[in-house]
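We name chains A, B, ... by the order of the sequence lines, and we start the count at 1 in each one.
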Protein chains: 2
Amino acid sequence: MSTRKGRKAHRQDLLTRLWDLGRIMSTQTVFLHQAIAQSVGLNATDTKCVDLILRGPHEAVTAGWLSNVTGLTTGAVTHILDRLEKRGIVERVRDTSDRRKVFVRVRQDRLEPLIPQYEAIGKAYLRLVEEYSDKELKLICEYLERVSALSESELAKIISARRSREYKG
Amino acid sequence: MSTRKGRKAHRQDLLTRLWDLGRIMSTQTVFLHQAIAQSVGLNATDTKCVDLILRGPHEAVTAGWLSNVTGLTTGAVTHILDRLEKRGIVERVRDTSDRRKVFVRVRQDRLEPLIPQYEAIGKAYLRLVEEYSDKELKLICEYLERVSALSESELAKIISARRSREYKG
DNA sequence: TCAGATATCTGCATTGTTAAGATAAATGCC
DNA sequence: GGCATTTATCTTAACAATGCAGATATCTGA
């Protein structure tokens, strides 16, 4: 690996390529998931909130929790839940012990009609990963898990920075 | 690798984990990039359009091209360009040979003030990838490039499906 | 001139924010 | 304990932004 370019230059190329890929993929994600959501009559925010509720810390999460992890205002979350509830995709349940809280639960059965939209892309993705060995997939998994953790902490950082700015202003 | 689980079960675990990661990361991306954009006074759509113009097929692209690759209507693109132009981030340039066309160019100098916001996350990301060998990074790069190509074709598919539906409707 | 392509404009629906308010729980003081 | 105050959670209402559909304007080339 030192025919024309040095080892360091080669590595630098890889890093640049990875960074660019990150930018490209985030752009694609924004528009792709907007389009996918639209094709089932929703928008990207709403569908992604459903995803968050599904994989939330408990089987049901509160509206406040959603506001925290998304960085959206509680007012926006209320609207989101209104829309999703009208579609029958989620239901609100008041907490009996702390009646301020509203738990939100996804109604799996109402979600199923939307799944076919996702299956086509899922199949194409499966064909892609099938070409890799277990060992390679493990490496990729671990890498993505780290990137995901990084994204999560960055978003949390931005949200808390915004909050502390609101106190001063 | 056959202590408790069979080889096949292990692989199935990996595939499920990867699929879940894809869902998690797309959700994170939607909210993270919305938050990042907001912190520089823009929105996710607008910043991502800037990104697309920067890496477009030519140094300058047309509004119609942007509409095509994003899946947004031309009306939406007009508003986006209005906002970006007002901020001085892009400029419209009429083509002299084909005067129907309006080329959009990014003004790099007006972009630079926004870069610091991205540098913190860039540094954290660099620390992450530094732990990997060249060979590993190459594998990851190639994997991501394939996923990216898949996303691009999926978005194109949705957009063209939408168009053909409009003819009938 | 006309067909087509391209870009923009207009009016409207959707989405998210801010600010205020309603209700419930927690805290503190007597 | 009982009551006032503060804090927490969610909702509402008015407004700002964003995006869409469709109409209009502009341009090219036959």
Checklist entry - So what does A:Asp82 touch, heavy atoms closer than 4.0 Å: a base, only the sugar-phosphate, or nothing? => result nothing
Next on the checklist: With salt bridge (Lys or Arg N to Asp or Glu O under 4.0 Å) as the rule and sequence neighbours excluded, what pairs involving residues 106-129 of chain B come up?
Outcome noted: none
Next on the checklist: If the threshold is 4.0 Å, N to carboxylate O, is there a salt bridge linking A:Arg92 and A:Asp82?
Outcome noted: yes
Checklist entry - With a 4.5 Å limit on heavy-atom distance, are the side chains of A:Leu126 and B:Trp19 in contact? => result no
Next on the checklist: Which residue is it: A:Val106, A:Thr47, A:Ile89? I am looking for the one with a side-chain contact (heavy atoms from CB on, under 4.5 Å) to A:Leu84.
Outcome noted: A:Ile89
Checklist entry - Between B:Arg87 (CZ) and D:dT18 (C1'), how many Å, whole number? => result 16 Å
Checklist outcome for this item: Within residues 61-72 of chain B, the residues having a heavy atom closer than 4.0 Å to DNA chain C are B:Thr62, B:Gly64
Checklist entry - Under the side chain to side chain contact (heavy atoms under 4.5 Å, CB included) criterion, do A:Leu72 and A:Leu66 qualify, and how do the steps go? => result CA-CA 8 Å; A:Leu72 298 172; A:Leu66 250 190; over 6 Å; no
Item to check | Nucleic acid contacts of residues 89-107 of chain A, taken as heavy-atom distances under 4.0 Å to DNA chain C | outcome: A:Ser97, A:Asp98, A:Arg99, A:Arg100
Next on the checklist: Contact list please: residues 49-57 of chain B against DNA chain D, heavy atoms, distance less than 4.0 Å, in numerical order.
Outcome noted: none
Item to check | Path from B:Leu111 to B:Val90 over hydrophobic side-chain contacts below 4.5 Å | outcome: yes
Checklist entry - Taking the side chain as C-beta and beyond, is there a heavy-atom pair between B:Asn43 and B:Gln38 under 4.5 Å? => result no
Next on the checklist: Under a 4.0 Å threshold between the charged nitrogen and the carboxylate oxygen, would A:Lys138 count as salt-bridged to A:Asp134?
Outcome noted: no
Next on the checklist: Do B:Phe31 and B:Ile24 land in one hydrophobic cluster if side-chain heavy atoms of ILVMFWY residues count as linked below 4.5 Å?
Outcome noted: no
Checklist entry - Nearest nucleotide by nearest heavy atom, which residue falls closer to the 5' end of DNA chain D, A:Gln38 or A:Thr78? => result A:Thr78
Checklist outcome for this item: To the nearest angstrom, the NZ-C1' distance between A:Lys86 and D:dT11 comes to 15 Å
Checklist entry - Which angle, to the nearest 10 degrees, lies between the helix axes at the two ends of the helix from C:dT1-D:dA30 to C:dC30-D:dG1, each defined by five pairs? => result 20°
Next on the checklist: From CD1 of A:Ile159 over to P of C:dT17, roughly how many Å is that when rounded to an integer?
Outcome noted: 11 Å
Checklist entry - Rounded to whole angstrom units, what separation is found between the NE2 atom of A:His79 and the P atom of D:dA16? => result 15 Å
Item to check | A:Val102 reachable from A:Ile53 in the ILVMFWY side-chain graph, under 4.5 Å edges | outcome: no
Item to check | Results of ring pair (Phe, Tyr, Trp, His ring centres under 6.0 Å) for B:Tyr132 - residues two or more places apart only | outcome: A:Tyr143
Checklist outcome for this item: Between B:Ala76 and A:Thr73, whichever has its closest DNA chain C nucleotide further toward 5' is B:Ala76
Checklist entry - For B:Thr74 and A:Gly75, take the nucleotide of DNA chain D holding the closest heavy atom to each; which residue's nucleotide lies nearer the 5' end? => result A:Gly75
Next on the checklist: Counting only side-chain nitrogens and oxygens, does B:Asn43 get under 4.0 Å of the OP1 or OP2 atom of D:dA17?
Outcome noted: no
Checklist entry - Is B:Thr45 near enough to D:dG19 that one of its side-chain N or O atoms lies under 4.0 angstrom from OP1 or OP2? => result yes
Next on the checklist: From CD of A:Gln34 over to P of D:dG19, roughly how many Å is that when rounded to an integer?
Outcome noted: 8 Å
Next on the checklist: Does any part of the side chain of B:Arg17, heavy atoms only, come nearer than 4.5 Å to the side chain of A:Glu145, both counted from C-beta?
Outcome noted: yes
Checklist entry - Does A:Arg83 place a side-chain N or O at less than 4.0 Å from the phosphate oxygens OP1/OP2 of C:dT14? => result no
Item to check | Side chains of B:Gln34 and A:Val30 in contact at under 4.5 Å (non-hydrogen atoms) | outcome: no
Checklist entry - What do the steps show when you test B:Leu54 against A:Arg23 for side chain to side chain contact (heavy atoms under 4.5 Å, CB included), and what is the final call? => result CA-CA 11 Å; B:Leu54 279 173; A:Arg23 285 179 56 187; 3.9 Å; yes
